[in-house]
Amino acid sequence: MNKNRKAARVAEKNGSKAVSAAGKGLLLSIKLATDDLARRFCSEARSGGLLVNIGETDRTTILIRPSLLISDEDATEILDAITRTLEAV
């Protein structure tokens with residue numbers, strides 16, 4: 001299954017927190033319900049080793065830009081980390 005489709009399912013499963021997910025290739029953005037939730041998500045994700053940023057235009061959107069050299073296993077680990085982080089915030 002396509003990684004962006006998996007990310008969209010992660011957003012659907014966390015509907016009260018995640019509004020939508022979009023991406024192209026390895027780039028992924030997830031729109032969260034509030035800017036406070038986005039800040040908490042980023043803080044929690046960073047403490048778990050995930051590199052994320054808050055969008056500059058929309059402060060409720062988090063951006064994930066992994067290395068272009070990651071494996072499918074790495075991409076799956078990133079999606080798992082996103083799921084764990086959404087559940088934790």
Side-chain angles (χ1 to χ4, degrees):
M1 178 185 296
N2 175 310
K3 299 299 180 213
N4 289 326
R5 206 170 305 147
K6 284 184 180 180
R9 286 201 177 150
V10 167
E12 287 173 13
K13 286 172 55 176
N14 292 278
S16 64
K17 297 176 185 176
V19 176
S20 64
K24 184 156 182 115
L26 295 175
L27 304 177
L28 177 65
S29 69
I30 300 175
K31 183 172 179 65
L32 300 179
T34 66
D35 58 347
D36 179 60
L37 186 58
R39 280 192 303 274
R40 289 187 294 139
F41 179 93
C42 285
S43 177
E44 182 75 23
R46 287 180 189 130
S47 70
L50 194 61
L51 297 175
V52 296
N53 292 322
I54 293 177
E56 292 183 25
T57 304
D58 183 350
R59 306 301 283 174
T60 64
T61 299
I62 57 159
L63 306 172
I64 301 148
R65 299 178 184 130
S67 165
L68 297 176
L69 303 175
I70 66 171
S71 66
D72 283 342
E73 290 173 1
D74 293 334
T76 299
E77 286 180 36
I78 290 169
L79 288 172
D80 291 345
I82 291 168
T83 301
R84 286 191 304 275
T85 303
L86 278 171
E87 291 170 354
V89 295

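Numbering starts at 1 and runs along the sequence shown. Note: hydrogens, waters and symmetry copies are ignored here, and every other heavy atom, side chains too, is used.
Sorted by first then second residue, the side-chain hydrogen bond (donor to acceptor under 3.5 Å, both in side chains) pairs that include residues 43-55, not counting sequence neighbours, number zero.
A salt bridge is defined here as a Lys NZ or Arg NE, NH1 or NH2 lying under 4.0 Å from an Asp or Glu carboxylate O, and R84 with D80 fails to meet this definition.
Side-chain heavy atoms closer than 4.5 Å link hydrophobic residues (I, L, V, M, F, W, Y) into clusters, and following such links, even through other members, never connects I54 to L50. When the side chains of ILVMFWY residues are joined at heavy-atom separations under 4.5 Å, either directly or via intervening members, L68 and L51 end up in two distinct hydrophobic clusters.
Between V52 and T85, every side-chain heavy-atom pair lies at or beyond the 4.5 Å cut-off.
Interatomic distance, CD1 of I70 versus CD1 of I78, reported as 4.0 Å (0.5 Å rounding). For the atom pair CD of E77 and CD1 of I82, the computed distance is 12.0 Å after rounding to the nearest 0.5 Å.
Evaluation of the salt bridge (Lys or Arg N to Asp or Glu O under 4.0 Å) rule for D35 yields R39 as partners, not counting sequence neighbours.
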Enumerate, atom names and distances included, each donor-acceptor pair closer than 3.5 Å involving a side-chain atom of residues 60-67, sequence neighbours excluded.
residue : atom : partner : partner atom : Å
T60     : OG1  : K31     : NZ           : 2.9
T60     : OG1  : D58     : OD1          : 2.6
T60     : OG1  : D58     : OD2          : 3.4
T61     : OG1  : D58     : OD2          : 3.3
S67     : OG   : L69     : N            : 3.0

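Closest approach of A18 and L86 over heavy atoms only: CB-CD1, 4.5 Å. Nearest approach of K17 to E87, heavy atoms of both residues: NZ-O, 3.6 Å.
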